[in-house]
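Taking it in order: structure first as structure tokens, then the write-up.
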2 protein chains.
Amino acid sequence: MLPPLVLDRNSPVPLHFQVSQHLEQVITSGQIPPGTLFTSEIELGERLGVSRPTMRRAMQQLVDKGLVVRRRGIGTRVVRPKVKRPMELTSLFDDLKSGGQSPTTQVLALEEIDSDEALAAKLEVKPGEPVVRVVRLRSAAGRPIAKMTNYLPTGLVDFDAETLEEQGLYALLRARGVQMHMATQVVGARQATASESRLLDEPRGSALLTMERTTYDDHGTVVEYGSHVYAASRYTFETSLMRS
Amino acid sequence: MLPPLVLDRNSPVPLHFQVSQHLEQVITSGQIPPGTLFTSEIELGERLGVSRPTMRRAMQQLVDKGLVVRRRGIGTRVVRPKVKRPMELTSLFDDLKSGGQSPTTQVLALEEIDSDEALAAKLEVKPGEPVVRVVRLRSAAGRPIAKMTNYLPTGLVDFDAETLEEQGLYALLRARGVQMHMATQVVGARQATASESRLLDEPRGSALLTMERTTYDDHGTVVEYGSHVYAASRYTFETSLMRS
DNA sequence: CAGTGGTCTAGACCACACC
DNA sequence: GTGTGGTCTAGACCACTGT
């Protein structure tokens with residue numbers, strides 16, 4: 001029923017993760033169709049050569065990803081995939097890229113400025129402290145789709161506009177070892193101003209999606225604050241929510 | 001350092017949950033300020049009289065809620081609370097209510113209709129099958145804030161308009177034993193139509209936030225499909241995202 | 001070095017669903 | 001009953017951090 005799996009017990013990758021990765025691949029590749037009842041975790045653990053707690057941990061990760069449901073007395077069942085992935089801790093650049101589109105970026109500004117009171121509060125730095133301001137125009141399929149304004153602590157920025165046009169801000173931060181861990185977002189809407197209409201190639205007064213996001217690393221330090229506007233006629237946010 | 005906790009080992013509530021609930025209460029009440037280093041999980045477990053795996057499980061739940069961060073070799077540290085709650089599996093009614101506002105609801109329609117092809121696909125029923133359509137106007141602080149259109153399988157609806165104006169759709173479903181487990185949402189924006197402007201007491205052409213949501217129970221069955229519009233000048237969605 | 005959290009194991013008892 | 005997942009325990013080894 002299940003393709004064999006060879007575990008590498010000397011790998012730094014935890015066993016439970018190796019197991020769940022394997023099962024996830026098996027499920028998403030369609031080798032086990034939705035509705036199928038899994039072999040019990042006990043037998044599965046024996047077959048793979050891991051203990052029951054380890055097996056359970058792997059299973060729990062599949063539950064968290066919405067790939068299976070478990071019911072006491074019944075078993076573990078593969079569900080039809082319903083989860084939409086986006087609006088995670090990824091950037092618009094990543095979203096478009098993995099969506100098959102070809103995003104391009106134009107850096108409109110990349111400069112150091114002195115933070116005013118409001119901005120300093122957002123970034124949790126001292127008022128007046130210099131921060132970096134980045135303004136970018138993101139396009140997909142040849143049309144502008146979003147104007148993105150980001151503010152970052154000066155220490156995190158050591159790239160130039162050219163690099164930024166190729167890689168996406170989040171990818172660059174990650175490559176520099178920044179571990180983004182959490183973000184809070186506020187999504188709203190408003191009408192486009194005249195300049196926004198021109199920039200995004202939209203009719204005057206058309207609706208824009210707005211998003212403000214503050215991103216933190218795993219110490220709780222602010223990594224970035226962004227204020228973005230999207231052409232609502234061509235972009236939406238998709239999310240999945242799971243009960244706790 | 002920690003207030004004492006008496007565990008009820010005969011309670012159906014799992015020990016790990018009793019522990020994590022207690023610790024969460026201690027943290028959110030401010031008895032342990034942000035930045036504090038916790039006692040080690042071993043000593044904490046001994047003190048509370050639970051095994052280390054149980055203690056770890058309780059701790060992990062605090063991590064999942066973004067209340068603490070754990071670092072190997074260092075310890076467990078309380079972080080400043082950053083998580084915003086809403087946009088979970090709750091309804092606008094619940095959101096407003098817990099936000100201290102006093103929401104009111106006006107039921108504009110509550111009727112059984114025959115589903116067309118598109119709607120049947122959304123609800124995963126046979127085309128032509130009757131479904132229930134609910135249209136409501138939600139107000140807060142005396143002003144309209146959202147027009148909400150929902151479609152549900154006929155079997156789930158046994159309430160009347162009056163009940164619906166008092167309780168909120170999600171609360172009613174929950175009270176009837178429906179276990180909502182997952183939802184997928186698409187958030188967008190567009191300009192208000194003439195009738196929407198009138199209904200929501202907004203200027204013509206103003207921006208609306210739109211949200212389409214499909215909710216599933218834990219079997220993966222569709223519970224509800226909703227298409228809502230919000231007056232963007234008075235409502236936003238707030239979310240927290242955590243790196244898996 | 002000592003202390004922390006991260007991983008893994010072996011075994012036990014329980015609640016629940018189905019036969 | 002039998003088999004499932006849910007909970008809990010006791011103990012072990014490891015990787016990492018600070019001194």
Side-chain angles (χ1 to χ4, degrees), chain A residues 1 5-23 35-64 67-79 177 179 181 218-219 243-244, chain B residues 1-2 5 7-23 35-64 67-79 177 179 181 218-219 243-244:
Chain A
M1 166 196 180
L5 166 62
V6 280
L7 295 173
D8 180 358
R9 298 191 95 87
N10 292 325
S11 163
V13 179
L15 282 181
H16 65 81
F17 192 71
Q18 292 185 40
V19 173
S20 76
Q21 284 282 86
H22 176 247
L23 292 177
T36 310
L37 210 50
F38 256 81
T39 316
S40 81
E41 64 185 17
I42 311 232
E43 190 187 331
L44 221 42
E46 283 171 359
R47 211 187 294 177
L48 294 174
V50 298
S51 70
R52 194 186 164 202
T54 302
M55 196 61 221
R56 281 188 62 73
R57 188 161 176 185
M59 283 296 200
Q60 187 54 50
Q61 296 174 47
L62 299 182
V63 173
D64 293 340
L67 293 170
V68 303
V69 290
R70 317 196 74 187
R71 306 186 80 72
R72 176 169 6 189
I74 309 282
T76 304
R77 196 176 291 277
V78 179
V79 298
Q179 303 266 1
H181 186 255
D218 47 9
H219 297 76
R243 184 197 70 80
S244 103
Chain B
M1 164 196 180
L2 276 182
L5 166 64
L7 295 172
D8 180 0
R9 299 191 95 86
N10 292 325
S11 163
V13 178
L15 282 182
H16 64 82
F17 192 71
Q18 293 185 41
V19 173
S20 77
Q21 284 282 86
H22 175 248
L23 292 180
T36 310
L37 209 51
F38 255 80
T39 316
S40 81
E41 65 184 16
I42 312 237
E43 190 187 329
L44 221 43
E46 284 170 358
R47 209 187 296 176
L48 294 174
V50 298
S51 70
R52 192 183 163 204
T54 302
M55 195 62 221
R56 280 187 63 74
R57 189 162 175 183
M59 283 297 200
Q60 187 54 49
Q61 295 174 47
L62 300 182
V63 173
D64 293 341
L67 294 170
V68 302
V69 291
R70 317 196 72 188
R71 307 187 79 72
R72 181 179 348 198
I74 309 282
T76 304
R77 194 177 294 275
V78 179
V79 298
Q179 303 265 1
H181 185 254
D218 46 9
H219 296 78
R243 185 197 70 82
S244 103

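First the proteins, then the strands, lettered A, B, ... as listed; each starts at 1. This one's a predicted model, so the numbers in the text were calculated from it and none came from an experiment.
We find that CZ of R57(A) is positioned 18 Å from C1' of dG5(D), with the value rounded to whole Å. The interatomic distance linking E41(A) (CD) with dA10(C) (C1') rounds to 14 Å, in whole Å. Nucleotide dT7(D) holds its P atom 15 Å from the CD atom of Q60(B), rounded to whole Å. Note: CD (E46(B)) to P (dA10(D)) measures 11 Å, nearest angstrom. Here the P atom of nucleotide dG3(D) and the CG atom of L44(A) are 17 Å apart, to the nearest Å. Atoms CD1 (I42(B)) and C1' (dA10(D)) sit 12 Å apart, rounded to a whole Å. Rounded to whole Å, atom C1' of dC8(C) lies 17 Å from atom CZ of F17(A). Between M55(A) atom CE and dG6(D) atom P there is a gap of 13 Å when expressed in whole angstrom units.
Closest-nucleotide positions on DNA chain C for T54(A) and R71(B) were compared, and the one nearer the 5' end corresponds to R71(B). Of the two residues near DNA chain D, L15(B) and I74(B), the one whose nearest nucleotide lies more 5' is L15(B).
Among the nucleotides dT7(C), dG6(D), dA10(C), the one closest to the side chain of R56(B) is dT7(C). In the set dT7(C), dA10(C), dG11(D), the nucleotide with an atom closest to the side chain of P53(B) is dG11(D). Here the side chain of R52(B) is nearest to one of dC8(C), dT4(D), dG5(C), namely dG5(C). For R70(B), the listed nucleotide lying nearest its side chain is dG6(C); candidates were dC8(D), dG6(C), dC8(C). For R72(A), the listed nucleotide lying nearest its side chain is dG5(D); candidates were dT9(C), dG5(D), dG18(D).
In this structure, S51(A) does not reach the dA10(C) phosphate: none of its side-chain N or O atoms is under 4.0 Å from OP1 or OP2. A close approach under 4.0 Å does occur between a side-chain nitrogen or oxygen of T76(A) and OP1 or OP2 of dG5(D).
Atom CZ of R70(B) sits about 5.5 Å away from atom CZ of R56(B), to the nearest 0.5 Å. Between atom CD of residue Q18(B) and atom CZ of residue R9(B) there is a gap of 9.0 Å, rounded to the nearest 0.5 Å. Residue S40(A) holds its OG atom at 9.5 Å from CE of M55(A), rounded to the nearest 0.5 Å.
The residue R9(B) sits close only to the backbone: its heavy atoms come under 4.0 Å of sugar-phosphate atoms, none of a base. Here P14(A) lies in heavy-atom contact (under 4.0 Å) with sugar-phosphate atoms only.
Residues V68(A) and V78(A) share a closest heavy-atom pair of CG1-CA, 4.2 Å.
With F38(B) as the fixed residue, the side chain to side chain contact (heavy atoms under 4.5 Å, CB included) test singles out one of R77(B), M59(B), E43(B): M59(B).
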